[in-house]
Asks: 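Right, I'll just put the structure down here and ask away after.
The chains referred to below are lettered A, B, ... by the order of the sequence lines, with proteins before strands, and numbering in each begins at 1. This one's a predicted model, so the numbers in the text were calculated from it and none came from an experiment.
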Amino acid sequence: MLDLNKIRNNPEEVARGLARKGVSAEAVNRILASDSAWRKATAETDRLKALRNDLSRKIGERKKAGEETEAAQAEVREIGEKIKQLGQEAAESEQLLHGLMLEIPNIPSDSVPDGPDESFNRVEKTWGEPPRLGFEPKAHDEIGVALGILDFERAAKISGARFVVYTGMGAALERALISFMLDLHTREHGYTEVLPPYLVKAHALEGTGNLPKFEADLFKVDGGAFYLIPTAEVPVTNLHRDELLEEDSLPMSYCAFTPCFRSEAGSYGKDTKGMIRQHQFHKVELVKYSKPENSYDELEKLVSDAESVLEALGLHYRRVTLCAGDMSFSSAKTYDLEVWLPSQKRFREISSCSNFEDFQARRANIRYRPSGGGKPRFVHTLNGSGLAVGRTVVAILENCQQADGSVAIPGPLRPYMHGQSHIAKR
RNA sequence: GGAGAGAUGGCCGAGCGGCCGAAGGCGCCGGUCUUGAAAACCGGUUUCCCGCAAGGGAACGGGGGUUCGAAUCCCUCUCUCUCCGCCA
């Protein structure tokens, strides 16, 4: 949620920022209109309430003195009716205003390049090189099926499209990656591991910005009482919802492994083959709560924490800054990490690291008290994948494939796989 | 699934129709004292809205009702806890 005062005081500036995300200035005008309607109705009800308070107090005094109060009571009753009417108007415009505010995306940071789509994203760095395989690389699904570690047909039999069954060393590789990533982030990068619920209430999703606008992307459970999380960002960012934190406790850094569930509505025909786009996948997520003045430094640290996973695994990747039009609803700045896939001969997203500034903190009401005392301020929230586990398996299968059809296991993972160096057909 | 209890300020907790934005404690901030700190003592310490200000209004989980007047009474929703049953 944006700061309403900022919209009131600098509507043109806000409109300019929103335009970069492709939102028309009309949205700002609608907010200003419902805001002034609300303020007008509120001011008038306040005036009437002051009057009622005053009269009621006098009635009480006169009753105590044994005086007649019928006429005065009738008068106040009438004022009460007016308050009820006007109060309803005020509540309606406030609800309208709130609804509009929830549908306005965050404003891109100044450091974000302009542009409507991914072709305007800016490549910041490239690490490593494509593997020199010396043969025509196979796609991960072909490799996995041939090795007997991925089974798409049986997954479809059970659950339909966009699911996979991992078997044997495939399942072990996924599990090894999860442990490796969690250990790296908790031991080397200072994150605290949390294991949150995978089912959340609507208000948690509203806090992160997934609701009300993107309900179609989610799986609803129990008639809508719960939603399956699309990412650990949701439960972990809401961990401190409605809390007033101490400044000394910031920054707070959490990492969480969870399954993620996405309906992928509207992605028909995209990445239908293989494991790139699934209804269910695993992710190790990094989440930070930061003081506003440090949040961009924290973003740099967070993205390099994510990069260190790719580097440890020896996977060729690049970092891009998403342009304004390609960023998500809630984000002020996003770096994507893209890993090289030899079979596609291109980079594919494997991590997305964002600073939401105070956008989510306003929605989830997460504040901190400055240590010298003073007014509470909203924290800044950040998160990033560290990494998407399924796509990491994809990258390893493709980048580490051998001429004989086996796959070399990256060194750091071997301790997590009983010292085994290869996955071969057995 | 059944039965009951509860939701008050940063935290704990009192209040149970007008004198309550709310006792008391803790925490925090400032001061006195001290070489410094602690302790003790004194003072301060919710948020939002309208207003240049003075000032006014709102908020005791959400919504509705009763009443001249609701933190306090009634209804309802949400959430939490306890006990019983079932269960990993």
Asks: To the nearest angstrom, how far is W38(A) atom CH2 from rC48(B) atom P?
Replies: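 Distance, rounded to whole Å: 12 Å.
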Asks: In this structure, how many angstroms lie between the P atom of rC48(B) and the CZ atom of R362(A), rounded?
Replies: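 It works out to 11 Å between those atoms.
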Asks: Could you tell me if K288(A) sits above the aromatic ring of Y254(A), with its cationic atom closer than 6.0 Å to the ring centre and no more than 45 degrees from the axis?
Replies: no
Asks: Could you give the distance separating rG57(B) and rC20(B) at their P atoms, to the nearest angstrom?
Replies: 15 Å
Asks: Considering heavy-atom distances to RNA chain B, does L244(A) or K58(A) have its closest nucleotide positioned more toward the 5' end?
Replies: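 This one resolves to L244(A).
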Asks: What's the CG-P distance between D242(A) and rC11(B), to the nearest Å?
Replies: 10 Å
Asks: Of all the choices, rU47(B), rG56(B), rC79(B), which nucleotide is nearest to the side chain of K201(A) once you look at every atom?
Replies: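 Closest of the options to the side chain of K201(A): rC79(B).
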Asks: Among the candidates rG10(B), rC50(B), rC49(B), find the nucleotide nearest to the side-chain atoms of R39(A).
Replies: rC50(B)
Asks: Measure CG/D35(A) against P/rC48(B) and give the value in whole Å, please.
Replies: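 Result: 16 Å.
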Asks: How far, in whole Å, is rU72(B) from rA14(B) if one measures between their C1' atoms?
Replies: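 About 13 Å, rounded to a whole number of Å.
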Asks: Considering Watson-Crick and G-U wobble pairs with both distances under 3.5 Å, what does rA7(B) pair with?
Replies: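 Paired with rU78(B).
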Asks: Between atom CZ in R241(A) and atom P in rU80(B), what is the gap in whole Å?
Replies: 13 Å
Asks: Does rG18(B) pair with anything, Watson-Crick or G-U wobble, both distances under 3.5 Å, and if so, with which nucleotide?
Replies: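 rG18(B) is paired with rC68(B).
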Asks: Could you check, using the six-membered ring where one of them is a Trp, whether F329(A) and F359(A) have ring centers closer than 6.0 angstrom?
Replies: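 Under 6.0 Å, so yes.
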Asks: What string of B, S and - do you get for nucleotides 63-71 of chain B, 5' to 3', when a contact is any protein heavy atom under 4.0 Å?
Replies: --S--BS--
Asks: Quick check on rC50(B): is either OP1 or OP2 less than 4.0 Å from any side-chain nitrogen or oxygen of R8(A)?
Replies: yes
Asks: Quote, to the nearest angstrom, the C1' distance that separates rA7(B) from rG62(B).
Replies: 11 Å
Asks: Using both distances under 3.5 Å as the test, list the Watson-Crick or G-U wobble partner of rG36(B), or none.
Replies: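 Its partner is none (no Watson-Crick or G-U wobble pair with both distances under 3.5 Å).
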Asks: For the pair E293(A) and R377(A), find out whether any cationic side-chain nitrogen is under 4.0 Å from an anionic carboxylate oxygen.
Replies: yes
Asks: What distance, rounded to whole Å, do you find between the two P atoms, one in rA5(B) and one in rU76(B)?
Replies: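 After rounding to an integer number of Å, I get 14 Å for this pair.
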Asks: Tell me if the centroids of the rings in Y166(A) and H282(A) come within less than 6.0 Å of each other.
Replies: no
Asks: Starting at atom CZ of R367(A), determine the distance to atom P of rG10(B), rounded to an integer number of angstrom.
Replies: 7 Å
Asks: My understanding is that only one of R277(A), R262(A), Q280(A) makes a side-chain contact (heavy atoms from CB on, under 4.5 Å) with R162(A); could you say which?
Replies: R277(A)
Asks: Between Y296(A) and E357(A), is any pair of side-chain heavy atoms under 4.5 Å apart?
Replies: yes
Asks: Using 30° and 60° as the class limits, which term best fits the ring planes of H185(A) and H189(A): parallel, tilted or perpendicular?
Replies: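 Rings of H185(A) and H189(A): tilted, 30 to 60°.
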Asks: When rounded to the nearest Å, what value does the distance between P atoms of rG2(B) and rC77(B) take?
Replies: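 These two P atoms come out 14 Å apart once rounded.
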Asks: With rounding to the closest Å, how many angstrom separate the C1' atoms on rG56(B) and rC41(B)?
Replies: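 To the nearest whole Å, 37 Å.
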Asks: Rounded to whole Å, please give me the gap between CG in L86(A) and P in rG57(B).
Replies: 17 Å
Asks: Which whole-number value in Å describes the distance from K49(A) NZ to rG56(B) C1'?
Replies: 13 Å
Asks: Both distances below 3.5 Å, Watson-Crick or wobble geometry, any strand: find the nucleotide opposite rC52(B).
Replies: none
Asks: For the backbone of L205(A) and the side chain of T208(A), can you confirm whether one donor and one acceptor N or O come within less than 3.5 Å of each other?
Replies: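 Present.
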Asks: Can you tell me, in whole Å, how much space there is between the P of rG9(B) and that of rC48(B)?
Replies: 16 Å
Asks: Strictly by Watson-Crick or wobble contacts shorter than 3.5 Å, is anything paired with rC41(B), and which nucleotide is it?
Replies: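 With both distances under 3.5 Å, rC41(B) matches rG31(B).
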Asks: What distance, rounded to whole Å, do you find between the two C1' atoms, one in rC11(B) and one in rU45(B)?
Replies: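 rC11(B) and rU45(B) have their C1' atoms separated by 14 Å.
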Asks: Under 4.0 angstrom, heavy atoms only, what part of the nucleic acid is A43(A) near: base, sugar-phosphate, or nothing?
Replies: nothing
Asks: Is any side-chain N of the basic residue among R319(A) and E300(A) closer than 4.0 Å to the acidic one's carboxylate O?
Replies: yes
